[in-house]
Amino acid sequence: MLSEKTTLPSQANGTDPVRTSPYQDSVAAYWNAERNPVNLRLGEVDGFYHHHYGIGEPDWSVLEGPQDTREERTVRELHRLESVQAQLLADHLGPIPADGRLLDAGCGRGGGSLVANRRFGCRVDGISISSHQVDFANQQAKEHGVDDKVRFHLRNMLDTGFETAAFDGIWNNESTMYVELGLLFAEHARQLKRGGRYVTITGCYNDTYGLPSRAVSEINAHYICDIHPRSTYFKEMAANRLVPVSVIDLTAATLPYWELRARTHLTTGIEKSFIDAYKDGSFQYLLIAADRI
Ligand code: SAM
């Protein structure tokens with residue numbers, strides 16, 4: 001079992017107790033090296049750094065007007081849309097009491113944990129397989145003055161070392177595609193109290209399309225991930241005492257974010273694949289909330 005210490009030394013030689021496979025080494029290396037302006041510039045707006053996509057109708061006028069303010073306005077608009085997504089996820093966790101405890105599994109640079117702490121006032125633990133992200137996120141918690149309640153740890157979400165039935169709520173915001181769902185949900189079911197809430201927002205491939213489309217395969221290659229079929233979420237939840245209470249298809253709500261992002265200075269090259277995959281019906285953006293029974 002891992003200690004409660006915030007960070008462990010990161011090693012790329014396979015002896016790191018957090019990472020258990022060469023695949024996980026490559027995921028950690030990706031996130032340790034990641035410095036995309038679409039994540040960093042947006043987070044600088046208010047100190048809530050997210051690594052997920054946005055939802056809602058954009059203000060398209062940010063693409064017009066004087067060049068000298070256009071970049072700043074598009075940054076703020078994309079950040080507004082990703083913040084709406086984080087708030088929607090938090091809506092589905094609650095109510096969480098101030099003495100409750102939450103786990104942000106695959107926490108990125110920590111923005112979602114800070115959102116949940118601000119909403120509920122409760123303790124939040126965020127975990128990532130990237131030591132760079134954990135250090136960055138702990139610095140953010142300090143700057144927000146909440147490091148007594150929000151703590152980030154270098155841990156593997158498949159074997160966290162946290163005690164059994166410790167959490168009132170757990171979420172994965174765009175991080176389930178890095179792990180086998182059966183293993184993940186077994187670990188979540190162990191850590192959640194009975195009646196606790198699990199929420200995920202995730203891209204999944206649409207079983208009715210068939211196997212992954214070219215565009216979905218491009219997304220997998222870009223992020224070194226393995227997008228699961230929609231069916232596997234429900235199969236593995238049912239097998240692990242997680243009973244869905246809400247399922248929301250956010251595909252139509254996220255498409256405008258991608259169409260806006262594709263027209264800004266913040267592209268990463270993967271925008272067309274997302275737009276194609278959402279439009280051809282092979283890919284869906286879902287929120288699933290479930291109760292631990
Ligand atoms: N949830 C965050 C957000 O919404 O901003 C970050 C999402 S980012 C797309 C995926 C995250 O999953 C990264 O922080 C990565 O380090 C983390 N991750 C991937 N595999 C992991 C694992 N096995 N254990 C813990 N974290 C993992």
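Everything numeric in this text was worked out from a predicted model, so none of it was measured. Atoms within a ligand are numbered from 1 in the order they appear, just like the ligands themselves.
Protein heavy atom in closest approach to atom 26 (N) of ligand 1: I129 N, 3.3 Å. At the top of the distance list for atom 4 (O) of ligand 1, counting protein heavy atoms only, stands H52 ND1, 2.7 Å. Protein heavy atom at the shortest distance from atom 14 (O) of ligand 1 is Q133 OE1, 2.5 Å. Y178 CB, 3.5 Å is the protein heavy atom nearest to atom 20 (N) of ligand 1. Looking at atom 5 (O) of ligand 1, its nearest protein heavy atom turns out to be H51 N, 2.6 Å. Shortest contact from atom 11 (C) of ligand 1 to any protein heavy atom: G106 O, 3.7 Å. The closest protein non-hydrogen atom to atom 15 (C) of ligand 1 is W31 CD1, 3.6 Å. Atom 21 (C) of ligand 1 has M157 CE, 3.5 Å as its closest protein atom, hydrogens excluded (heavy atom only).
Using a 30° and 60° split on the angle between ring planes, Y233 and F185 fall in the tilted class, from 30° to 60°. Note: Y53 and F274 have perpendicular aromatic rings, judged against thresholds of 30 and 60 degrees for the angle between ring planes.
Near G108, with a cut-off below 4.0 Å to any heavy atom, the atoms of ligand 1 are 2 (C), 6 (C), 14 (O). Counting atoms of ligand 1 from 1 in the listed order, those under 4.0 Å from a heavy atom of N173 are 1 (N), 2 (C), 4 (O), 7 (C). Those atoms of ligand 1 that come under 4.0 Å of a heavy atom in H50, given as number and element, are 5 (O).
Of the listed options E82, E174, M177, E187, E174 places a heavy atom closest to atom 9 (C) of ligand 1.
W171 and H92 have their aromatic ring centers separated by at least 6.0 angstrom. The ring of F167 has its center no closer than 6.0 angstrom to the ring center of H188. Ring centroid separation for the pair F162 and H153 comes in under the 6.0 Å cut-off. Aromatic pair Y205/F283: centroids not less than 6.0 angstrom apart.
Applying the under-4.5 Å side-chain rule to Ile, Leu, Val, Met, Phe, Trp and Tyr, the cluster around V243 extends to I293.
Contacts of C107 with ligand 1, taken as heavy-atom pairs under 4.0 Å, involve the backbone alone. Contact annotation: for N172 versus ligand 1, there are no heavy atoms closer than 4.0 Å.
Between D291 and R197 a salt bridge is recorded (basic side-chain N to carboxylate O distance below 4.0 Å). E44 and R76 are not joined by a salt bridge, as no carboxylate oxygen comes within less than 4.0 angstrom of a charged side-chain nitrogen. Taking the charged nitrogens against the carboxylate oxygens, R109 and E34 do have a contact shorter than 4.0 Å, which makes a salt bridge.
Residue contact annotation: R155 has a non-hydrogen atom under 4.0 Å from ligand 1. For S128, the closest heavy-atom approach to ligand 1 falls below 4.0 Å. Heavy-atom separations between V179 and ligand 1 include at least one value shorter than 4.0 Å.
Without hydrogens or angle criteria, R292 side chain to A189 main chain gives a donor-acceptor distance under 3.5 Å.
At a 3.5 angstrom cut-off on N or O pairs, N156 counts as close to ligand 1.
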